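For clarity, every value in this text was computed on a predicted model and none was experimentally measured. In what follows, chains are A, B, ... by sequence order, proteins preceding strands, each numbered from 1.
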Number of protein chains: 2
Amino acid sequence: MAEAKFQLFDDDLQELAQLFKALGHPARLQILKFLASKNACFTGDITEELPLGRTTVNQHLNELKKANLIQGSVQGVKTNYCVNVSEIRKLEALGKDFFDGLNTIECTDC
Amino acid sequence: MAEAKFQLFDDDLQELAQLFKALGHPARLQILKFLASKNACFTGDITEELPLGRTTVNQHLNELKKANLIQGSVQGVKTNYCVNVSEIRKLEALGKDFFDGLNTIECTDC
DNA sequence: AATAATTGACGTATTTTTACGTCAAAATTA
DNA sequence: TAATTTTGACGTAAAAATACGTCAATTATT
């Protein structure tokens, strides 16, 4: 990670791809689902729900945090994670725009 | 890739994650966009639109094909690619279900 | 104060992704 | 028929993702 690097791709595509990528692992989808169902919870609780070790789960939590899809706040020894609702909404909107932008008429040549 | 491997994750999450992953690269989003705008087109034409070499683009096309998001039909020497509209619709539906499933109430603890 | 619990940082091995060059096959064109 | 075009297969190097063990710091508990 350094000084911006002349963009190969359009900013919007880049951002959307980044978000999709963050969703591109079942563990991360499951984490989002679980966090939403509990509204918020601790690392340990999340780990118990997943078929992965704690440090791996922590790594996935970091991925989600990097993508701004979740937030965490320290509470004593524990860390309380929760879904970043506004970012989820933003992602939904961007996704919708993208799919709508594909003026997908069924192709007859293929 | 071998003999099915006892599932670590839920099938639905697995499938959705796979689709999101396929969208998790700007080149692939751009390809989908371009294919949709032209309705269908050849490998060469796609390559000209992207800041990547032909073989790399071809690899991305294969990723998209593997995810069933595009189809290709050989036409002489050329191959005609187009968006798989029904799979895109399916992805939209799965995505919507997933996001709706996150009964996202703004968290007050974070 | 001593011990236990919880977490993130760090290191690391393995696998996957990404990007591209080379090559051969098939179809077009000259 | 010979040369050209177009493509996918294959190999490969570099980077990133994935999974996990160990460790130290911080907070709770006893």
Side-chain angles (χ1 to χ4, degrees), chain A residues 1-2 5-9 13-14 17-31 35 38 40-67 69-82 109-110, chain B residues 1-2 5-9 13-14 17-31 35 38 40-67 69-82 109-110:
Chain A
M1 258 61 76
K5 237 185 174 185
F6 64 99
Q7 287 282 116
L8 277 187
F9 293 99
L13 286 187
Q14 193 87 41
Q18 211 72 37
L19 285 169
F20 279 141
K21 193 173 183 179
L23 298 178
H25 193 292
R28 294 196 284 270
L29 293 183
Q30 199 177 330
I31 288 171
L35 281 184
K38 296 286 175 191
C41 52
F42 303 115
T43 308
D45 303 326
I46 302 166
T47 299
E48 282 174 9
E49 287 293 307
L50 298 190
L52 296 170
R54 189 188 57 78
T55 51
T56 304
V57 171
N58 199 47
Q59 215 167 276
H60 284 301
L61 286 170
N62 282 329
E63 288 291 319
L64 289 170
K65 205 153 58 171
K66 204 181 68 188
L69 290 169
I70 65 171
Q71 291 170 308
S73 69
V74 178
Q75 247 158 60
V77 239
K78 305 187 174 185
T79 303
N80 205 21
Y81 285 102
C82 66
D109 306 345
C110 302
Chain B
M1 257 56 80
K5 241 186 175 183
F6 63 100
Q7 286 282 118
L8 278 187
F9 293 99
L13 286 188
Q14 194 87 41
Q18 211 71 38
L19 285 169
F20 279 141
K21 193 171 182 180
L23 298 179
H25 194 292
R28 295 196 284 270
L29 294 183
Q30 199 176 330
I31 287 170
L35 281 183
K38 297 286 174 191
C41 53
F42 303 114
T43 307
D45 303 325
I46 302 166
T47 299
E48 283 174 9
E49 288 292 307
L50 298 189
L52 296 170
R54 188 187 61 78
T55 50
T56 303
V57 170
N58 198 48
Q59 216 166 275
H60 285 300
L61 286 169
N62 281 331
E63 287 293 317
L64 288 169
K65 204 154 59 172
K66 203 181 70 188
L69 291 169
I70 65 171
Q71 292 171 307
S73 70
V74 177
Q75 247 159 60
V77 238
K78 304 187 173 185
T79 303
N80 205 21
Y81 284 103
C82 65
D109 304 345
C110 302

Do any of residues 19-28 of chain A sit with a heavy atom less than 4.0 Å from DNA chain D, and if so which?
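Output list: A:K21, A:H25, A:R28.
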Taking C-beta and beyond as the side chain, do [X] and [Y] meet within less than 4.5 Å on heavy atoms?
X     : Y     : result
B:F9  : A:L52 : yes
A:L8  : B:L50 : no
A:L23 : B:L23 : no

For [X] and [N], give me the distance from atom [atom1] to atom [atom2], rounded to whole Å.
X     : N      : atom1 : atom2 : value
B:E63 : C:dT16 : CD    : P     : 12 Å
B:L61 : C:dA19 : CG    : P     : 13 Å
A:L8  : C:dA19 : CG    : C1'   : 11 Å
A:Q30 : D:dT18 : CD    : C1'   : 16 Å
B:D45 : D:dT5  : CG    : P     : 15 Å
A:I31 : D:dA19 : CD1   : C1'   : 13 Å
B:K78 : D:dG8  : NZ    : C1'   : 16 Å
A:F42 : C:dA5  : CZ    : C1'   : 13 Å

Rounded to the nearest 0.5 Å, how far apart are CG of A:L35 and OH of A:Y81?
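Between A:L35 CG and A:Y81 OH, I get 9.5 Å after rounding to 0.5 Å.
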Gap between atom OG1 of B:T79 and atom CG of B:L61 - 0.5 Å precision
9.5 Å
Please determine whether a side-chain nitrogen or oxygen atom of [X] lies at a distance below 4.0 Å from atom OP1 or OP2 of [N].
X     : N      : value
A:Y81 : C:dG8  : yes
A:T56 : D:dC20 : yes
B:T79 : D:dG8  : yes

Residues in side-chain contact (heavy atoms from CB on, under 4.5 Å) contact with A:Q75, at least two apart in sequence or another chain
A:F42, A:S73, A:N80, B:D109
Counterpart residues, side-chain contact (heavy atoms from CB on, under 4.5 Å), relative to B:E48 (two or more places apart):
none
Backbone N or O of B:E49 within a donor-acceptor pair of the B:Q30 side chain at under 3.5 Å?
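Checked: pair present.
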Listed partners of B:E63 passing salt bridge (Lys or Arg N to Asp or Glu O under 4.0 Å), at least two apart
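Residues passing salt bridge (Lys or Arg N to Asp or Glu O under 4.0 Å) with B:E63: B:K66.
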Per the side-chain hydrogen bond (donor to acceptor under 3.5 Å, both in side chains) rule, what does the pair list look like for residues 52-62 of chain A, sequence neighbours excluded?
A:R28-A:H60
Go nucleotide by nucleotide along DNA chain C from the 5' end; which of B:L52 and B:Q18 gets its closest nucleotide reached first?
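Its nucleotide being nearer the 5' end, the pick is B:Q18.
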Name the residue closer to the 5' end of DNA chain C, choosing between A:N58 and A:F9 according to the nucleotide with the nearest heavy atom.
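Between the two, 5'-proximity favours A:N58.
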Select one nucleotide: of C:dT18, D:dG8, C:dT7, the one nearest the side-chain heavy atoms of B:H60.
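Ranking C:dT18, D:dG8, C:dT7 by closest atom to the B:H60 side chain puts C:dT18 first.
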Any protein N or O atoms within reach of nucleotides 21-30 of chain D? Criterion: under 3.5 Å, listing atom names and distances.
from: D:dG21; atom 1: N7; to: A:T55; atom 2: OG1; distance (Å): 3.3

Position toward the 5' end of DNA chain D (nearest nucleotide), B:T43 or B:Q59:
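Residue closer to the 5' terminus by nearest nucleotide: B:T43.
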